[in-house]
> 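Would you mind keeping the following structure in view while I ask a few things?
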Amino acid sequence: MVITQKAQDQLKQVLGSGEVLEIGLKGGGCSGLMITLEKAELTGTTELSIGEKAKFADQMSQKYLQGGSLDYKDEGFSKRFVVNPSEGTR
């Protein structure tokens, strides 16, 4: 997964020391899966790590999202992280 510079900058601002953004999947939504973004404690670098400030929640999430990207959008009153799955998982 590619994390854009905007997303990296925002992660540094919102995450405290020892925290990472955990990106996962859970059942629900129109396609049967919803993407989840949660703060989690840093447990060291593993095969689920995405750089220094993010990680996949589990191997299933990694399988479906690893070819995608994480971006940050700041559009006036709408500020949010955006996960773009890889073309093969849409």
> First locate atom NZ of Lys73, then atom OG of Ser78, and finally report the distance between them rounded to the nearest 0.5 Å.
10.5 Å
> Please check: side-chain N/O of Thr46 versus main-chain N/O of Leu48, any donor-acceptor pairing under 3.5 Å?
yes
> Which residues pass the side chain to side chain contact (heavy atoms under 4.5 Å, CB included) test with Gln10, sequence neighbours left out?
Gln13, Val14, Tyr72, Phe81
> Count the heavy atoms of every other residue, nucleotide or ligand shown that sit under 6.0 Å from CD of Gln59, and state whether that count exceeds 12.
no
> Output the distance between atom CD (Glu52) and atom CG (Leu11), rounded to the nearest 0.5 Å.
11.0 Å
> Give, for atom OG of Ser49 and atom CG of Leu42, the distance between the pair rounded to the nearest 0.5 Å.
7.5 Å
> Which donor-acceptor pairs under 3.5 Å do side chains of residues 18-30 form with protein atoms, sequence neighbours excluded?
residue : atom : partner : partner atom : Å
Glu19   : OE1  : Gly16   : N            : 2.6

> Measure the CD1-OG1 distance between Ile50 and Thr45 for me, rounded to the nearest 0.5 Å.
12.0 Å
> Other residues, nucleotides and ligands only: do more than 12 of their heavy atoms fall within 6.0 Å of NZ on Lys6?
no
> With a 4.5 Å cut-off on side-chain heavy-atom distances among I, L, V, M, F, W and Y, is there a chain of contacts connecting Met60 to Val83?
yes
> Do you see a donor-acceptor pair shorter than 3.5 Å between the side chains of Gln62 and Asp58?
no
